[in-house]
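Scroll down for the structure; my scribbles are underneath it.
Side chains included, hydrogens not; waters and symmetry mates left out as well; all remaining heavy atoms used.
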Amino acid sequence: MSLLGSIVSKILNPFGSSEAKAAPADKPASTEAQPSSGGDAPASTATSSGTSGGPVDVEAVLNDMATKNGQKLNWRTSIVDLMKLLDLDSSLHARQQLADELHYSGDKNDSASMNVWLHKQVIKKLEENGGKVPADLKD
């Protein structure tokens, strides 16, 4: 699975469901509603969408993960901290790989600029894939 796919899956499907998959970076996500499987969905918590096929509250999921994590991570502005929170490799090489997946055209050796761009793109992809993203995290 791609790094972007891992990020999207861990946030939009925090309980291991394989329903959501990251839309390819070069194509916009589909806006079609997912058909509901009926009333037999598992009980939801504040960190899930609450209704089958509804948007997942990205902020609630990540805040919940952050409270359970022993480290103080600033996932709201740092791609490194976001990746650490998701228990993903946050090394420069991994971030450069994510930049390749998302078609970053800047200098990948300028990690500060690349990191800011990556964070914005990941938040954008989460929203494109059905996540409810708070306004302060959008461009």
Nearest 0.5 Å, what's the [atom1]-[atom2] distance between [X] and [Y]?
X    : Y    : atom1 : atom2 : answer
L126 : I7   : CG    : CD1   : 7.5 Å
S78  : L85  : OG    : CG    : 10.5 Å
L4   : S9   : CG    : OG    : 11.0 Å
K108 : S105 : NZ    : OG    : 10.5 Å
E128 : Q121 : CD    : CD    : 8.0 Å
L86  : I11  : CG    : CD1   : 4.5 Å

Inset, instruction - Apply side chain to side chain contact (heavy atoms under 4.5 Å, CB included) to V58 and L12, showing your working. - result: CA-CA 7 Å; V58 171; L12 299 185; 4.0 Å; yes

Legend entry - Side-chain (D81) to main-chain (N74) donor-acceptor, under 3.5 angstrom: yes

Legend entry - Main-chain N/O of L3 paired with Q97 side-chain donor or acceptor, under 3.5 Å: no

Inset, instruction - Kindly indicate, with the supporting measurements, whether the criterion side chain to side chain contact (heavy atoms under 4.5 Å, CB included) is fulfilled by M114 and L92. - result: CA-CA 10 Å; M114 181 182 71; L92 177 59; 4.0 Å; yes

Among residues at least two apart in sequence or on other chains, which ones pass side chain to side chain donor-acceptor pair (under 3.5 Å) with [X]?
X    : value
K138 : E127
D136 : R76
N63  : W75
D107 : none

Legend entry - Member of N109, D110, N115 meeting the side-chain hydrogen bond (donor to acceptor under 3.5 Å, both in side chains) criterion with S113: D110

Once side-chain contact (heavy atoms from CB on, under 4.5 Å) is applied, do any residues pair with [X], and if so which ones, sequence neighbours excluded?
X    : result
K120 : V116, D139
K132 : P55, D57
K68  : D64

Legend entry - All pairs passing ring pair (Phe, Tyr, Trp, His ring centres under 6.0 Å) where residues 115-139 contributes a residue, at least two apart: Y104-W117

Legend entry - Close side-chain approach of K10 and V61, heavy atoms under 4.5 Å: no

Inset, instruction - Could you list all the salt bridge (Lys or Arg N to Asp or Glu O under 4.0 Å) pairs where at least one residue sits in residues 87-99, not counting sequence neighbours? - result: none

Legend entry - Derivation and outcome, side chain to side chain contact (heavy atoms under 4.5 Å, CB included), residues L82 and T77: CA-CA 8 Å; L82 177 60; T77 59; over 6 Å; no

